[in-house]
Protein chains: 2
Amino acid sequence: MNSDLSDATQALERAAASCRERGASLTAIRREVLALLYRTPKGIKAYDLLEQMRQTRGNASPPTVYRALDFLIEQGLAHKIGRMNLFVACRHGAHSSPSLFLVCPKCNGVTELEDPDMVTSLYASLAATGHRLDSPEVEISAVCPQCVAGREAA
Amino acid sequence: MNSDLSDATQALERAAASCRERGASLTAIRREVLALLYRTPKGIKAYDLLEQMRQTRGNASPPTVYRALDFLIEQGLAHKIGRMNLFVACRHGAHSSPSLFLVCPKCNGVTELEDPDMVTSLYASLAATGHRLDSPEVEISAVCPQCVAGREAA
DNA sequence: GCAGCGATGTTATAACATCGCATATCCGCC
DNA sequence: GGCGGATATGCGATGTTATAACATCGCTGC
């Protein structure tokens with residue numbers, strides 16, 4: 001039972017473990033931020049995150065949030081979506097392959113697309129021009145199914 | 001002779017013509033902004049653009065620049081690179097297919113990659129998940145050849 | 001003239017992100 | 001136990017990016 005809750009808890013445990021392996025530590029603040037990211041799969045803005053944080057931690061300030069986010073991104077546990085200034089949790093524990101993020105311009109939601117063929121194809125194109133893919137984030141602006149169907153669903 | 005200069009001039013003429021076709025007009029301000037974009041193929045930030053603008057147009061303000069940029073983007077003459085808050089001119093007159101931008105995290109440079117196969121593959125993946133590609137901009141963080149070679153070239 | 005309209009000017013402010021420095025906390029070491 | 005360094009946090013100010021809101025200008029058609 002209690003699927004969501006225990007899923008999130010397990011994910012946090014895994015995240016903590018993977019940090020430990022690297023000699024980093026998932027402190028209380030970072031853990032809270034990561035938990036909030038897990039709770040908002042469509043992505044969340046730094047200042048909305050800050051507002052949430054203040055409910056349990058009244059003295060939270062912008063640096064509190066940004067430092068935690070920077071840490072999580074460094075650890076590969078989260079990503080930043082540049083276009084929308086949105087942050088999302090990474091879906092796969094050890095982002096083995098780069099991720100494609102679909103950012104919906106209508107509702108600002110972010111979903112992650114995993115498509116190995118896509119990634120392979122990308123790599124080939126990049127290699128051909130001498131580029132090297134370095135960040136595991138590929139952002140694509142695309143209208144999400146809800147907004148395609150409902151014409152404004154958020 | 002005089003390759004660059006006349007190239008830019010020709011590009012501006014083409015841009016003006018394509019605006020006219022749509023009932024839009026490439027005014028002096030917009031033309032200046034576009035010219036500046038042509039001169040900085042690796043992309044430029046809005047406030048740097050503003051600074052440039054002020055040299056010939058002392059009263060330029062943020063909205064001056066942002067409105068011109070919005071217009072150029074609407075007309076498909078420019079793109080915004082979300083991750084870096086960078087603006088670049090579009091390379092192909094009438095962006096028939098979406099563009100792939102390679103953003104170098106080392107030097108912040110932007111290059112545009114045209115790869116029809118890539119785009120086809122992308123479309124297929126998106127369609128499979130119910131998404132619809134709406135913006136002609138796809139940003140990919142990738143180290144550019146110079147930085148791959150030189151280990152910090154900017 | 002003057003209404004209508006798109007473009008521009010101008011001021012202020014919203015939204016996003018970082019700096020700099022002081023303090024606290026953890027951990028290994030003596 | 002106490003010291004010292006590294007890491008994390010608190011906190012205020014500041015820097016950077018973008019838009020809101022409203023006034024004005026200049027053209028075009030009537």
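First the proteins, then the strands, lettered A, B, ... as listed; each starts at 1.
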Provide a list of protein-nucleic acid N or O atom pairs under 3.5 angstrom, restricted to nucleotides 17-25 of chain D.
from	atom 1	to	atom 2	distance (Å)
D:dT17	OP1	B:Lys45	NZ	2.7
D:dA18	OP1	B:Lys80	NZ	2.5
D:dA18	OP1	B:Asn85	OD1	3.2
D:dA18	OP2	B:Tyr66	OH	2.8
D:dA18	O5'	B:Tyr66	OH	3.3
D:dA18	N7	B:Tyr47	OH	2.6
D:dA18	N6	B:Tyr47	OH	3.4

Write down the atom of B:Gly76, the atom of B:Cys90, and the distance for their closest heavy-atom approach.
-> O-CB, 3.5 Å
Salt bridge (Lys or Arg N to Asp or Glu O under 4.0 Å) partners of residues 63-72 of chain A, not counting sequence neighbours, each pair once | none
For B:Pro41, all residues meeting side chain to side chain contact (heavy atoms under 4.5 Å, CB included), sequence neighbours excluded | B:Arg91
List for me each residue that meets salt bridge (Lys or Arg N to Asp or Glu O under 4.0 Å) alongside A:Arg20, sequence neighbours excluded, and say none if there are none.
-> none
Residues in side-chain hydrogen bond (donor to acceptor under 3.5 Å, both in side chains) with B:Ser61, at least two apart?
-> B:Thr64
Partner residues of A:Ala46 under the side chain to side chain contact (heavy atoms under 4.5 Å, CB included) criterion, sequence neighbours left out | A:Val65, A:Tyr66, A:Leu69, A:Phe87
Sequence neighbours excluded, the answer for side chain to side chain contact (heavy atoms under 4.5 Å, CB included) partners of A:Arg57 is A:Ala28, A:Ile29, A:Glu32, A:Met53, A:Asn59
Looking at DNA chain D, which of residues 26-35 of chain A put a heavy atom within less than 4.0 Å of it?
-> A:Thr27, A:Ile29, A:Arg30
Are more than 12 heavy atoms from other residues, nucleotides or ligands located less than 6.0 Å from atom CZ of A:Arg54?
-> yes
Taking all non-hydrogen atoms of both residues into account, name the closest pair between A:Leu12 and A:Leu26 and its distance.
-> O-CD2, 4.0 Å
Could you give me the CA-CA distance, side-chain angles and deciding distance for B:Ser18 and B:Arg14, then say whether side chain to side chain donor-acceptor pair (under 3.5 Å) is met?
-> CA-CA 6 Å; B:Ser18 102; B:Arg14 266 184 272 115; over 6 Å; no
Nucleotide N/O of nucleotides 27-30 of chain D paired with protein N/O under 3.5 Å:
none

Using a heavy-atom distance cut-off of less than 4.0 Å, which residues of residues 49-60 of chain B contact DNA chain D?
-> none
In chain order, what residues pass the side chain to side chain contact (heavy atoms under 4.5 Å, CB included) check against B:Thr40, with sequence neighbours excluded?
-> B:Ile44
Residue list, salt bridge (Lys or Arg N to Asp or Glu O under 4.0 Å) with A:Glu13, at least two apart or on another chain = A:Arg31
